[in-house]
Amino acid sequence: FKNCPRAYHAKRVIKTVQEEKSEQMIWGEIVHKHFEDRQALGTPLPPELEMHEPYMQRLQDKPGEAFTELKIGFNKRAQPCEFFDDNVWWRGVIDYLKVDRETGRAFIVDYKTGKPHQKFDQLQLFALHTIASYPEVIILNLQFYWTKTQDVSRMAYTREEVEKLWKKFVPDLRQYAEAFKTDTWQR
């Protein structure tokens, strides 16, 4: 929606346009599935992904409860909701989440198979959802894991920064609500 309200409307609301998957998208799905199976089931990585095993092991060794491919959502009141709720405003899938209730820390990783960037909106929304869902969490460590280079981009937030983070997304939420209310799909 943020990039192109008209395209969002065609793809997600009236569903007249269907997005075809590129080779990169298909590869990304394959990588995510292998990483999920490695973390959730202990399935060894295939030979073409074995170079990621040390990172997978570091994630596994972190203390706390692990979640993989966790489907989440926010409703139009910016409250956590189910992924397929009728009043969902935003949906996301957290590739890897570890919550350590004893220390009040959460660790979120998003695996990226494309080109590195510094667009952290997705991870920030994951952080806001985690903070809202786990009242004991006070510190969030966020990472993009770039599979092509095995590099990591990091950010960290505390519970005290939640209001500041939400202020970043409120204009988008207002525009989203207005588009549905007025059936106007442009910037």
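Since we're looking at a predicted model, the values are computed, not measured.
Other residues, nucleotides and ligands contribute over 12 non-hydrogen atoms within 6.0 Å of the CD atom of Glu48. More than 12 heavy atoms of other residues, nucleotides or ligands sit less than 6.0 Å from atom CZ of Arg38.
Atom SG of Cys4 sits about 8.0 Å away from atom NZ of Lys11, to the nearest 0.5 Å. Going from atom NZ of Lys164 over to atom CD of Glu161 covers 4.5 Å, rounded to the nearest 0.5 Å. Distance check, rounded to the nearest 0.5 Å: CG of Leu140 to CG of Leu97 gives 9.0 Å. For the atom pair CZ (Phe120) and CD (Gln143), the distance works out to 9.5 Å, reported to the nearest 0.5 Å. Atoms CZ and CG, on Phe144 and Asp151 in that order, are 13.5 Å from each other to the nearest 0.5 Å. We find the CG-CG distance between Asp110 and Asp95 to be 4.5 Å, quoted to the nearest 0.5 Å.
Counting only N and O atoms by type, the side chains of Lys112 and Gln122 include a donor and acceptor under 3.5 Å apart. Looking only at atom types and distance, the side chain of Tyr145 has a donor-acceptor partner in the side chain of His52 under 3.5 Å away. A donor-acceptor pair shorter than 3.5 Å can be found between the side chains of Tyr157 and Gln124.
Judged purely by atom type and a 3.5 angstrom limit, His34 has no side-chain atom pairing as donor or acceptor with the backbone of Leu49. A donor-acceptor pair is defined here as one N or O able to donate and one able to accept, closer than 3.5 Å; no such pair exists between the side chain of Gln39 and the backbone of Glu36.
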Which atom pairs, one a donor and one an acceptor, fall under 3.5 Å between side chains of residues 125-135 and the rest of the protein, sequence neighbours left out?
| from | atom 1 | to | atom 2 | distance (Å) |
| --- | --- | --- | --- | --- |
| His129 | ND1 | Ser133 | OG | 3.3 |
| His129 | NE2 | Gly73 | O | 3.3 |
| Thr130 | OG1 | Phe126 | O | 2.9 |
| Ser133 | OG | His129 | O | 2.8 |

Expected list for residues 61-71: side-chain donor-acceptor pairs under 3.5 angstrom, two or more places apart:
| from | atom 1 | to | atom 2 | distance (Å) |
| --- | --- | --- | --- | --- |
| Asp61 | OD1 | Gln57 | NE2 | 2.8 |
| Glu65 | OE1 | Arg101 | NH2 | 3.2 |

Scan the side chains in residues 77-88 for donor-acceptor partners under 3.5 Å anywhere in the protein, sequence neighbours excluded, and list what turns up.
| from | atom 1 | to | atom 2 | distance (Å) |
| --- | --- | --- | --- | --- |
| Gln79 | OE1 | Asn75 | ND2 | 3.3 |
| Asp85 | OD2 | Glu82 | N | 3.1 |

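For His117 and Trp146, the distance between ring centers is under 6.0 angstrom. For Phe74 and Trp166, the gap between ring centers is short of 6.0 Å.
The hydrophobic clustering, which links ILVMFWY residues whose side-chain heavy atoms are closer than 4.5 Å, places Ile139 and Leu59 apart. When hydrophobic clusters are built by joining Ile, Leu, Val, Met, Phe, Trp and Tyr residues whose side-chain heavy atoms come closer than 4.5 Å, directly or via intermediates, Leu45 is grouped together with Ile26. Under a hydrophobic clustering in which Ile, Leu, Val, Met, Phe, Trp and Tyr are joined whenever their side-chain heavy atoms come within less than 4.5 Å, directly or via other members, Met56 and Phe107 fall into the same cluster. A continuous path of hydrophobic side-chain contacts links Leu165 to Ile108 [ILVMFWY only; heavy atoms under 4.5 Å]. Connection of Val137 to Tyr96 is not established within any shared hydrophobic cluster, with ILVMFWY side chains joined at heavy-atom distances below 4.5 Å, either directly or through further cluster members.
Between Met25 and Lys21, the shortest heavy-atom contact is SD-CA, 3.9 Å. In plain terms, the two heavy atoms of Ser153 and Gln118 that are nearest each other are OG-NE2, 3.6 Å. Thr113 approaches Gly28 most closely through the heavy-atom pair OG1-CA, 3.6 Å.
Looking only at side-chain heavy atoms (C-beta outward), Glu160 and Ile138 stay at 4.5 Å or farther from each other. At a threshold of 4.5 Å between non-hydrogen side-chain atoms, the residues Arg91 and Ile72 do not count as touching. Put simply, the side chain of Lys168 reaches to within 4.5 Å of the side chain of Asp121, judged on heavy atoms.
Salt bridge annotation for Lys98-Asp100: absent, with no cationic side-chain nitrogen under 4.0 angstrom from a carboxylate oxygen.
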(Q) Checking Thr184 against Glu178 for the side-chain contact (heavy atoms from CB on, under 4.5 Å) test, could you report, in this order, the C-alpha distance in whole Å, the side-chain angles of both residues, the deciding distance, and whether it holds? (A) CA-CA 8 Å; Thr184 304; Glu178 187 66 20; over 6 Å; no

